[in-house]
Amino acid sequence: MLGAISAFIATLAFSINAPLAYAAFKRGVSSQTLVAIRNVIAFIILLPLADFKISLSTLLVVMLSALLGPGLGDYAYFKAIAQSGVATAVTLGYTYIFTTQIFATALGVEHPRVLTIIGALLAFIGIYIALGGRPRGLGVLYGVLASISWGAASRRSAPPLRMQAPSQ
């Protein structure tokens, strides 16, 4: 039950995120400020759950993922919202699901499947149609950068982490 409630809360938070960011931009809030606020709140909420008994290599992977995803990816996403609006930013940014698959395949973490490739192609055709066939502007580039950053930072695109067992 707790998992379902958490998923519901996460869904609400994600669904309201882009419109709130757009409203903030209209009031002069910068992308850097939004990234800082979002990451400080996440840090405060997640700190009690942190496991500080990890190897240095694991810590470096986590830090790189944080810089790529919540750092560069969120910055690009917020810039895309500011430049091109919520619909374009969300449509392009959330293609990270497919860029994650591309990275996972390139790193040998997963093997490509025909139905996955067909699904991704259909999704990109749908995105092309949804954006009117001719997305333009700096917001589009920021949306693509968000997708690439989030895809590279996603857990599925990275080799498995090797956690150290806690010492007794």
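In this chain, residues are counted from 1 in sequence order. Worth saying up front: this structure is predicted, and the values here are computed from it rather than measured.
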Between NZ on residue K79 and CG on residue L34, distance to nearest 0.5 Å
11.0 Å

To the nearest 0.5 Å, what is the distance between CZ (F103) and CG (L107)?
8.0 Å

Run through the side-chain heavy atoms of Ile, Leu, Val, Met, Phe, Trp and Tyr, join any pair under 4.5 Å, and report what else lands in I117's cluster.
L121

May I ask you to test the L72-L67 pair for a side-chain heavy-atom distance under 4.5 Å?
no

Applying the side-chain contact (heavy atoms from CB on, under 4.5 Å) test to T95, which of V144, I127, I148 qualifies?
I127

With rounding to the nearest 0.5 angstrom, report the OG to CD1 distance, S31 to I81.
8.5 Å

Close side-chain approach of F98 and Y96, heavy atoms under 4.5 Å
no

Quick check for you: to the nearest 0.5 Å, what is the distance between L60 atom CG and L64 atom CG?
8.5 Å

Is I16 reachable from V90 through a run of hydrophobic residues whose side-chain heavy atoms are each under 4.5 Å from the next?
no

Would you say CG of L122 has more than 12 non-hydrogen atoms from neighbouring residues, nucleotides or ligands within 6.0 angstrom?
yes

Donor-acceptor contact present, side-chain N39 to main-chain P70, <3.5 Å:
yes

Main-chain N/O of A87 paired with T91 side-chain donor or acceptor, under 3.5 Å
yes

Scanning both residues in full, the closest heavy-atom pair of A146 with G93 reads CB-CA, 4.5 Å

Between T33 and S30, is there a side-chain donor-acceptor contact under 3.5 Å, judged purely by atom types and distance?
yes

Residues pairing under ring pair (Phe, Tyr, Trp, His ring centres under 6.0 Å) where one sits in residues 54-77, two or more places apart or in two chains, turn out to be Y77-W150

Where the side chain of T99 meets the backbone of S147, is there a donor-acceptor pair that is under 3.5 Å apart?
yes

Here the pair of heavy atoms bringing G143 nearest to A80 is N-CB, 3.6 Å

Starting from I37, can I reach I45 by hopping between I/L/V/M/F/W/Y residues whose side chains sit under 4.5 Å apart?
yes

If I compare all heavy atoms of S84 with all of G139, which pair ends up nearest, and what's the gap?
OG-CA, 3.0 Å

Can you measure from CD1 (I102) to CD (E110) and round to the nearest 0.5 angstrom?
12.0 Å

State the CG-CZ distance between L20 and R38, to the nearest 0.5 angstrom.
11.0 Å

With the 4.5 Å side-chain cut-off for hydrophobic clustering, are F78 and Y22 part of the same group?
yes

Any heavy-atom pair between the side chains of L141 and L145 that's under 4.5 Å?
no

Can a donor-acceptor pair be found, under 3.5 Å and without considering hydrogens, that links the side chain of S65 to the backbone of A153?
yes

Around atom CZ of F124, are there more than 12 heavy atoms from other residues, nucleotides or ligands closer than 6.0 Å?
yes

Looking at T105 and Q101, would you say the former's side chain and the latter's main chain have a donor-acceptor pair under 3.5 Å?
yes

